[in-house]
Each structure stands twice: as structure tokens, then as C-alpha cells.
Undergrad: 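Handing you this structure, nothing more for now.
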Amino acid sequence: VLHNGDLVAGGYFDTAGGSTVYHLARWDGSGWSHIGSGIGGPAYPQVDAAAVLANGDLVIAGNFTSAGGVPVNQIATWNGLQWTPLGSGFVASVIHTILALDDGGLLVAGRFSSAGGAAAMNIARWNGSAWSPIDSGIRGSARHCGYDTEVLTLEQMSNHDVMVGGCFTNVGGHTSIYLARLTGASGCVCDPIDFNGDTLFPDTQDITDFLSVFSGGVCDGQVPADPPCNADIDFNNDTLFPDTDDITALLRVFAGGACV
């Protein structure tokens, strides 16, 4: 649904309400109309997913190589006047679902191994200018899904976490069967809150030990000459550390909130 209340429908069809629309149509409450000149190519082009960005632009994804005559790779945005590709998009991929995030970003998921030329296993993030993976991605074959690994649905919760559902058994290196939670609207995946690995969590000792290692020390019970119990202080996995955002993320997740 667009910000003005109009409904957008996509799929594999050429007409809507008698109007030629080329696989994408808009309903304004009284009639159907085309959106630009629709999509095209390859042999059976179709729209499989759609979302509306925070700025009101429409994003569509599916099996197509052009939008309004503009070359694109399976994903494009419509700003009300023209179509624009999102980087180099996807190649030979299946995109099942896309989710617009509150911060203007976008999550795309399905069955693929790269996004915009960067390695990304079945889920990726668009930040408005570039594609990036979400941690080590989503992996693991599932017998009940014909041993395919793919994400089928994304849903954002009120606390900005994203629920991920589909055919998988591993998320970000952690065992997770068919369902997982992605913490943080930015698409980051935080580390487990059992920082010191004592299997007790939530536990304030994890916070104490994290802050000690963050400041160059070691965990409780260790001497300064020991290697810290956990040297990974990039808690929110944004590759920036030492960074006080990691402390903020740890405290939020510890309290049951979102990563960032």
C-alpha cells in the first residue's frame, strides 16, 4: 500500500481491469492503472515482492531485467516519475520477500548467494547506496523443504527486531530451525549476551566482563597476563571497535530490546 492509500499489485499478468499494465498495477479506489511502463524480460517476467520505503518510493523485486525500459537486475525502485536500479541488484536469484525498515533501509531475502556483487547468503541489506550481507547469512538445508535453503518471509516487530521465517537451520553461525530473530532495525546481528561463556545469562557479570575487556582488561577471575575470556568486543558486528555503540547495544539486548 502506497503512502497515499493506493494499492499496488504485482505478479505475472498483462492486464488489470481491462488496462494493459505489464505485471504491475495500481488501484486508486476506482480503477486500475499501470505504473510507468511496467517490467520486462526475461521470457516470463514477474513481480514476486514489493514494499514501500520510508520516503514513499516503491520497491519491487522478482524475475525481470528491466523496469520502465531501464536495465535492472531483479530489483528496482519507483519514485513516482521514473524507475531506478538498486546497485547491480541480483543475478539468477529467487527473491521471496522484501522489508522496508524504519531508517530508510531495506532487507531482501530469498534464495541467493550474492547481492550487488557482494557475498550474501539468502538475506541482504540495502542502505540507500550499497548492498551488504547480514552477518554470515542464513544457511542449512531443511528436509521438510526439499533440502533447499531459502527465506520465505520477513516481519518487523514493534521493537524493530525482524522475524525471519523459511527453510533453514543456521542463522549467523547459530543453530536456528525455520525461525529466527534479527535484532535491530539497522539489520545488525548482535552477539549472544553470554559474553564470558559461563552459560549464565542474562547475568550482570557479562556486562562487567565486557566493560573490562573493552577497556583493555580481562574477565573476572583472570590475571592481567591471561588472554581475555572473550576478545570479541564488536558486539553489534558493525566492524567498528572499540566503539561505545557496542556497549549501548549490549545493554539494550540485555534488557530485552533491539540491538541498535
Undergrad: Quick check: does any side chain N or O of Gln156 sit under 3.5 Å from a backbone N or O of Leu101, one acting as donor and the other as acceptor?
TA: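 Not confirmed, Gln156 side chain does not pair with Leu101 backbone.
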Undergrad: So do the side chains of Val70 and Thr84 get within less than 4.5 Å of each other, counting heavy atoms only?
TA: no
Undergrad: In the single-linkage hydrophobic clustering (I, L, V, M, F, W, Y; side-chain heavy atoms under 4.5 Å), do Val52 and Trp83 co-cluster?
TA: yes
Undergrad: Using 0.5 Å steps for rounding, measure from the SG atom of Cys229 to the CZ atom of Phe195.
TA: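 Rounded to the nearest 0.5 Å, the SG-CZ separation comes out at 5.5 Å.
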Undergrad: Hey, does the side chain of Ser66 reach the backbone of Pro71 with a donor-acceptor pair shorter than 3.5 angstrom?
TA: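 Side chain of Ser66 to backbone of Pro71, a donor-acceptor pair under 3.5 Å: no, none is there.
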Undergrad: Write down the atom of Pro224, the atom of Val218, and the distance for their closest heavy-atom approach.
TA: O-CG1, 4.2 Å
Undergrad: To the nearest 0.5 Å, what is the distance between CG on Asn122 and CG on Asp148?
TA: 10.0 Å
Undergrad: Would a single hydrophobic cluster contain both Val59 and Val151, if residues Ile, Leu, Val, Met, Phe, Trp and Tyr are joined by side-chain heavy-atom contacts under 4.5 Å?
TA: no
Undergrad: Ignoring hydrogens and angles, tell me if any N or O in the side chain of Asp226 forms a donor-acceptor pair with the backbone of Val223 under 3.5 Å.
TA: yes
Undergrad: According to salt bridge (charged side-chain N to carboxylate O under 4.0 Å, His left out), who are the partners of Asp203, at least two apart in sequence or on a separate chain?
TA: none
Undergrad: Quick check: closest heavy atoms across Leu200 and Asp194, and the distance to 0.1 Å?
TA: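 Heavy-atom minimum between the residues: O-OD1, 3.7 Å.
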Undergrad: Angle between ring planes, Phe90 versus Trp131, binned at 30° and 60°: parallel, tilted or perpendicular?
TA: perpendicular
Undergrad: Taking the side chain from Gln74 and the backbone from Ala61, do they hold a donor-acceptor pair closer than 3.5 Å?
TA: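 No, because the side chain of Gln74 does not come within donor-acceptor range (under 3.5 Å) of the backbone of Ala61.
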Undergrad: Mind listing the closest non-hydrogen atom pair of Ala51 and Ala100 along with its distance?
TA: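 Shortest heavy-atom contact: CB-N, 4.1 Å.
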Undergrad: Passes side-chain contact (heavy atoms from CB on, under 4.5 Å), Ser136 versus Met121? Steps please.
TA: CA-CA 7 Å; Ser136 59; Met121 291 302 299; over 6 Å; no
Undergrad: Will you find, in the side chains of Ser129 and Asn127, an N or O donor that is under 3.5 Å from an N or O acceptor?
TA: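 Judged by distance alone, the side chains do pair up.
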Undergrad: Heavy-atom count check: over 12 atoms from other residues, nucleotides or ligands less than 6.0 Å from Tyr22 OH?
TA: no
Undergrad: Once you round to the nearest 0.5 Å, how far does CD1 of Ile134 lie from CG of Leu182?
TA: 5.5 Å
Undergrad: Is Phe64 reachable from Leu58 through a run of hydrophobic residues whose side-chain heavy atoms are each under 4.5 Å from the next?
TA: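 Per the 4.5 Å side-chain linkage, Leu58 and Phe64 are co-clustered.
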Undergrad: For the pair Phe210 and Phe235, name the ring-plane relationship: parallel under 30°, tilted 30 to 60°, perpendicular over 60°.
TA: perpendicular
Undergrad: Give the minimum heavy-atom separation between Gly68 and Ser37, together with the two atoms involved.
TA: CA-OG, 3.0 Å
Undergrad: Got a sec, which pairs hit side chain to side chain donor-acceptor pair (under 3.5 Å) with one end in residues 41-61, sequence neighbours left out?
TA: Gln46-Asp48, Asn55-Asp57
Undergrad: Find the distance between CD1 (Ile95) and CZ (Arg111) and round it off to the nearest 0.5 Å.
TA: 11.5 Å
Undergrad: Say you draw a straight line from CG of Leu179 to CZ of Phe168; how long is it, rounded to the nearest 0.5 Å?
TA: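 Answer rounded to 0.5 Å: 6.0 Å.
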Undergrad: Using the rule that Ile, Leu, Val, Met, Phe, Trp and Tyr join whenever any side-chain heavy atoms are under 4.5 Å apart, tell me whether Val171 and Leu107 fall into a single cluster.
TA: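 Yes, it is one cluster - the side chains of Val171 and Leu107 are joined through contacts under 4.5 Å.
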Undergrad: Can you find a heavy atom in the side chain of Val21 that is under 4.5 Å from one in the side chain of Phe13?
TA: yes
Undergrad: Between Leu24 and Ile98, is there shared hydrophobic-cluster membership here, with clusters defined by ILVMFWY side-chain heavy atoms closer than 4.5 Å?
TA: no
Undergrad: For the atom pair CG (Asn63) and NE2 (His23), what is the distance rounded to the nearest 0.5 Å?
TA: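 Here the interatomic distance stands at 10.0 Å.
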Undergrad: Might you work through the side-chain contact (heavy atoms from CB on, under 4.5 Å) test for Asn230 and Asn196, ending with a clear yes or no?
TA: CA-CA 6 Å; Asn230 185 349; Asn196 57 24; over 6 Å; no
Undergrad: Considering non-hydrogen atoms only, spot the tightest contact between Val213 and Ala231 and give its length.
TA: CG1-CA, 4.4 Å
Undergrad: As a quick check of understanding, evaluate side-chain contact (heavy atoms from CB on, under 4.5 Å) for His34 and Thr20, giving each step before the final call.
TA: CA-CA 7 Å; His34 59 81; Thr20 301; over 6 Å; no
Undergrad: Should Ile75 and Val108 count as side-chain neighbours, where that means a heavy-atom distance under 4.5 Å?
TA: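 Yes; the side chains approach each other to less than 4.5 Å.
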Undergrad: Which pair of heavy atoms, one from Asn170 and one from Gly172, lies closest together, and at what distance?
TA: OD1-N, 4.1 Å
Undergrad: Going through the distances and angles, do Thr169 and Thr149 end up as a side-chain contact (heavy atoms from CB on, under 4.5 Å)?
TA: CA-CA 8 Å; Thr169 58; Thr149 303; over 6 Å; no
Undergrad: Is a side-chain donor or acceptor of Ser212 paired with a backbone partner of Thr208 at a separation under 3.5 angstrom?
TA: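 Side chain of Ser212 to backbone of Thr208: no pair is present.
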